[in-house]
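Please read the structure below before turning to the comments.
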Number of protein chains: 2
Amino acid sequence: MARIDPAPNAPQGPVIERRSGITLWRQIEQSIEADIVGGRAVSGSRLPTEAELACRFGVNRHTVRRAMEELERRGLVRIEQGRGSFVAEDVIDYRIGPRTRFSEVIARNNRAPSGRILSIAEVQASDAAAAALKLRRGRRLWCVERLGLADGVPVAYALHHFPRARFPGLAEALARGGTLTRALAACGLADYARATTRVTARLPTPREAEHLRQPRNRAVMVCENVNVDQDRVPVEYCVVLYPAGRVQLVFEF
Amino acid sequence: MARIDPAPNAPQGPVIERRSGITLWRQIEQSIEADIVGGRAVSGSRLPTEAELACRFGVNRHTVRRAMEELERRGLVRIEQGRGSFVAEDVIDYRIGPRTRFSEVIARNNRAPSGRILSIAEVQASDAAAAALKLRRGRRLWCVERLGLADGVPVAYALHHFPRARFPGLAEALARGGTLTRALAACGLADYARATTRVTARLPTPREAEHLRQPRNRAVMVCENVNVDQDRVPVEYCVVLYPAGRVQLVFEF
DNA sequence: ATGAATTTGTACGTATGTATT
DNA sequence: CAATACATACGTACAAATTCA
């Protein structure tokens, strides 16, 4: 669709001026920045290619590149060779301490926390779960599959394991709705705290990627947590997956 | 492919006995386990395909699979669909606390720590570095590129940043050899501790993968640390990459 | 598995404007 | 004023990574 040139000159969408005292690349930088902070370019979405931006602004590709470099350095966009440029997503600082609670962490990042129980099942303790909970392998556990969201975007996919012997009514309490913490309270667990956290990372399985709504070739952080009650008796072993692009784990000392 | 019963001859390497009272798959499991713990199958290396193992042991592939499933469940091997089976690498528990020192962590994992300075350069503080070190962007920093090894295997690739103003002689001190901690001591820093650690993960760049000697499609954990002196003044900002398959970060509360 | 097409990254060269010496 | 240094902008070519048929 050949577009007719608007006048004999300048076929450019956004307004940039030559010889205005402000460099072209900085005007372009500000124009794109305005689109991002103004919400016209949504978080995580793809920006036009360098070639297209150059055309739109009526400048050389290198001038666009100069602007994009600055935007990347400032953390507003993310540039990936061979793929394109993307509006940087605002990363959640997931501050982990002995009393970390999902909803509080999300709230502190000025996002609306929500959770979704995907499934509740009865399973046998794996080696890892048994070791963490200090019971014999094969003992019955509740396995709760749960998705944590911030502003409706998945930020945590967790498999929680609880000894069934200690919380016989957990499945029912959860089925009645409410948060995990509340269901545990209903089962007699007044308080719990984190004892250890082990962090590693890997690529997600297709299923995990789907749950977290993220590309398969982007890493997830895997956290293995052991939670204990007031007497430091292990009450929960859980494995949480965090999408690396959306979450940053923070530990303070 | 009618297989002749292992009656007179039987072209099989490892010895397994039929009708011995021990199931075939368990004998196979033990045979492979012996290879692994005996060091004949080296950590991280590929195991023969199921088909080849079946041939070697003179059994059906499903019998081998039964053994492999058990070995995977026990954490001795790692099975990847479409790729093969691999001897699980013994993961280093990288226990992170306020006083974590690389060589101590490695030693506690019964490995021999070593380090290699890859480069020392003078750079300008990025936004992240400037924020962490609480100085203005663009201030001059020493950037030390360093590889940490355990038994000669890379387990950490780090970029350490130090304010040049505070440690003018750091480059020379390092050039004379010795550890980072010692060079810092020579520059007047008696003691330092970790203030914060931020963890995320991603796929490595080709260069990083090469340094860490790991495949490009396996994730690395990225730790951003801020170290402070006795007065809690930031003295170091460093970004450390850990190969996810070889290192597990451990936080205790 | 291979190759073409797309997209970003790097490296030249050239010209011009601006600020400093 | 001239000379110098530096930043800006455009042009071209090719390298490297990714995607997709």
Side-chain angles (χ1 to χ4, degrees), chain A residues 1-3 5 8-33 35-36 41-89 202-204 206 209-210 213-220 243-245, chain B residues 46 49 80-84 119 121-124 126 137-138 140 143 145 157 159 201-220 222 241:
Chain A
M1 294 343 113
R3 200 170 55 71
D5 261 18
N9 45 5
Q12 64 198 22
V15 200
I16 60 168
E17 289 178 52
R18 302 178 107 88
R19 294 173 204 78
S20 71
I22 302 162
T23 59
L24 291 180
W25 68 263
R26 205 164 271 287
Q27 293 182 59
I28 293 167
E29 180 199 350
Q30 287 164 358
S31 171
I32 296 173
E33 179 181 358
D35 283 351
I36 293 173
V42 297
S43 173
S45 69
R46 232 194 115 164
L47 288 168
T49 64
E50 293 175 353
E52 187 174 343
L53 286 172
C55 180
R56 276 199 211 171
F57 286 105
V59 299
N60 187 275
R61 187 181 143 224
H62 293 296
T63 311
V64 171
R65 280 184 62 73
R66 182 76 177 83
M68 294 297 289
E69 281 166 20
E70 193 66 11
L71 287 167
E72 173 167 57
R73 203 193 50 72
R74 292 175 47 202
L76 275 82
V77 307
R78 164 173 51 91
I79 305 174
E80 293 181 38
Q81 182 174 355
R83 304 221 320 131
S85 302
F86 304 84
V87 179
E89 305 168 82
R202 58 174 169 80
L203 293 181
E210 201 176 340
R213 276 189 258 145
Q214 74 156 40
R216 279 212 58 191
N217 60 357
R218 216 166 61 184
V220 293
Chain B
R46 224 189 125 171
T49 64
E80 292 181 37
Q81 185 174 358
R83 301 221 321 133
S119 73
E122 212 183 311
V123 300
Q124 288 191 312
S126 63
R137 183 160 72 81
R140 309 300 294 180
C143 177
E145 186 187 20
Y157 169 72
L159 289 175
R202 58 174 169 81
L203 294 180
T205 66
R207 178 186 164 76
E208 291 163 351
E210 201 177 340
H211 279 310
L212 288 171
R213 274 188 256 146
Q214 73 156 41
R216 277 213 62 192
N217 60 355
R218 215 165 64 184
V220 293
V222 185
L241 267 59

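Below, read A as the first sequence line, B as the second, and so on, with proteins coming before strands; counting in each chain starts at 1.
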Audit row: A:E80, A:R46, salt bridge (Lys or Arg N to Asp or Glu O under 4.0 Å) steps and yes/no
CA-CA 11 Å; A:E80 293 181 38; A:R46 232 194 115 164; over 6 Å; no
Round to a whole Å and report the spacing from [atom1] of [X] to [atom2] of [N].
{"X": "A:R61", "N": "C:dT6", "atom1": "CZ", "atom2": "P", "value": "14 Å"}
{"X": "A:E80", "N": "C:dT7", "atom1": "CD", "atom2": "P", "value": "14 Å"}
{"X": "A:E69", "N": "D:dT8", "atom1": "CD", "atom2": "C1'", "value": "13 Å"}
{"X": "A:W25", "N": "C:dG17", "atom1": "CH2", "atom2": "P", "value": "20 Å"}
{"X": "A:N60", "N": "C:dA15", "atom1": "CG", "atom2": "C1'", "value": "13 Å"}
{"X": "A:R65", "N": "D:dT8", "atom1": "CZ", "atom2": "C1'", "value": "16 Å"}
{"X": "A:Q81", "N": "D:dA16", "atom1": "CD", "atom2": "P", "value": "9 Å"}
{"X": "A:Q27", "N": "D:dA9", "atom1": "CD", "atom2": "C1'", "value": "13 Å"}

Under 4.0 Å between a Lys/Arg side-chain N and an Asp/Glu carboxylate O for [X] and [Y]?
{"X": "A:R66", "Y": "A:E29", "answer": "no"}
{"X": "A:E72", "Y": "A:R78", "answer": "no"}
{"X": "A:R56", "Y": "A:E52", "answer": "yes"}

Would you tell me if any nitrogen or oxygen in the side chain of A:R83 comes within less than 4.0 Å of OP1 or OP2 on D:dA17?
no
Tell me whether the side-chain N/O atoms of A:T63 come closer than 4.0 Å to OP1 or OP2 in D:dC10.
yes
Which sits closer to the 5' end of DNA chain C, A:H62 or A:G82, going by the nucleotide each is nearest to?
A:G82
So what does A:R26 hit on the nucleic acid, given a heavy-atom distance under 4.0 Å: a base, only sugar-phosphate, or nothing?
nothing
